[in-house]
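Okay, structure first, notes after.
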2 protein chains.
Amino acid sequence: MAEKKSDRTRAAILAAARERFGADGYERATIRAIAADAAIDPAMVMRYYGSKEKLFAAAAEFDVRLPDLSDVPRDQLGQVLVRHLIERWEEDDTLQVLLRTAVTNEAAAERMRQVFIGQLTPAFERAAVDQPAVRAGLIATQALGFAFCRYILELEPIVALSTDEAVAWLGPTIARYLTAPSPSQA
Amino acid sequence: MAEKKSDRTRAAILAAARERFGADGYERATIRAIAADAAIDPAMVMRYYGSKEKLFAAAAEFDVRLPDLSDVPRDQLGQVLVRHLIERWEEDDTLQVLLRTAVTNEAAAERMRQVFIGQLTPAFERAAVDQPAVRAGLIATQALGFAFCRYILELEPIVALSTDEAVAWLGPTIARYLTAPSPSQA
DNA sequence: AGCATATGCCAACGCCTGTTGACTTTCGCA
DNA sequence: TGCGAAAGTCAACAGGCGTTGGCATATGCT
């Protein structure tokens with residue numbers, strides 16, 4: 001009885017929900033379509049998750065899983081961080097869900113803020129970085145912009161980049177946002 | 001008869017449409033709400049613009065209006081470009097409309113691609129920049145990411161930046177994307 | 001003034017949405 | 001084998017949507 005019958009249905013619903021929310025955004029992803037993908041009745045979605053909003057909340061759970069940065073050499077911080085973010089991005093489509101929905105859904109926006117400010121800032125504090133909030137914000141602009149162009153807009157030159165090329169291009173940017181003295185020039 | 005009565009209604013509809021599309025995104029911005037904002041009947045919107053899609057197409061017209069970059073000193077390119085983009089952003093909310101809608105609306109996404117690849121790339125070509133497409137794409141990631149965090153997500157540390165501070169932070173990034181040799185470090 | 005045309009309003013349509021409640025089937029345990 | 005609960009099905013609801021066509025009003029020209 002460790003695995004009940006209903007658990008698999010719940011999981012199927014959640015997987016379908018993530019796919020639809022990620023592909024269509026919050027409003028265009030309908031309960032009916034999600035249910036059809038999971039091959040069950042729309043009413044089951046309501047029984048298991050209560051409402052579309054609660055289903056979304058469950059589908060948008062995310063942890064950026066930052067590694068410990070305090071023992072990384074200062075001059076490799078950018079590369080390490082960028083590589084982690086990009087790889088985290090591609091192994092888990094939840095961030096694509098958030099990106100696609102945060103634009104019109106306040107709950108998604110709040111969760112995104114929580115990830116990028118609430119999780120990045122304290123990690124930077126622990127790594128003894130000054131002005132951790134501003135730096136977290138700046139890094140968010142580059143990381144989210146990259147994801148937006150690569151996965152949502154699908155700009156050809158950005159889609160074409162390999163992970164290594166992307167790391168090589170973005171690494172120095174992230175590094176500078178992380179370590180450069182306040183408003184600086186080049 | 002240079003200015004007919006209907007022209008003002010058309011303009012009122014377009015202004016209301018821009019506001020709603022920019023605030024709510026494509027699907028949540030309803031014809032009825034736009035018409036209410038413009039203080040006219042929903043049927044008028046159809047009469048003047050034919051359909052919601054065509055209204056959107058009219059509301060999302062945008063030109064990035066890049067200045068001529070060929071006579072700007074190489075070491076000021078980043079600052080100049082960033083300042084232009086940010087100021088262009090804030091004087092015209094059409095880009096916010098695009099940003100809010102490109103996520104779920106293919107027409108908006110296509111227009112955004114046209115702006116950032118179709119307008120940036122040839123300008124870089126004229127300024128004798130090598131690999132203009134990749135560089136345009138990279139600059140798009142940083143510019144759009146900044147706008148996304150500042151105007152859509154409203155991340156506090158990014159919202160709090162003044163224009164000058166933003167230029168100081170992003171300028172070197174854009175400059176590097178514009179001039180650094182291919183995949184580089186530092 | 002009188003008429004044609006431009007402008008605007010109203011009511012309704014067909015469709016799709018999230019959500020609900022009642023009903024049927026399946027399963028696990030005594 | 002029975003019985004109760006869990007799991008799944010079905011049809012319908014109320015409301016919002018884009019869109020349409022018919023009708024009233026205002027406008028401008030002769």
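Below, all heavy atoms of this structure are taken into account, side chains as well, without hydrogens, waters or symmetry copies. What you are looking at is a predicted structure, and each value in this text was computed from that prediction instead of being measured. Convention: sequence-line order gives letters A, B, ...; per-chain numbering from 1.
- A search for salt bridge (charged side-chain N to carboxylate O under 4.0 Å, His left out) contacts involving A/D92 returns A/R88, not counting sequence neighbours.
- Residue pairs meeting the ring pair (Phe, Tyr, Trp, His ring centres under 6.0 Å) criterion with at least one partner in residues 128-150 of chain A, sequence neighbours excluded, are absent.
- Residues satisfying the side-chain contact (heavy atoms from CB on, under 4.5 Å) test with B/E154, not counting sequence neighbours, are B/V159.
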Under 3.5 Å, which donor-acceptor pairs do the side chains of residues 54-66 of chain B form with other protein atoms, sequence neighbours left out?
| unit_1 | atom_1 | unit_2 | atom_2 | d |
| --- | --- | --- | --- | --- |
| B/D63 | OD1 | B/R65 | N | 2.7 |

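- Sorted by first and then second residue, the ring pair (Phe, Tyr, Trp, His ring centres under 6.0 Å) pairs involving residues 93-134 of chain B (not counting sequence neighbours) form an empty list.
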Checklist outcome for this item: Nucleotide by nucleotide, nucleotides 6-21 of chain C touches protein heavy atoms under 4.0 Å in the pattern (B base, S sugar-phosphate only, - none) -BBSB-B----BBBBB

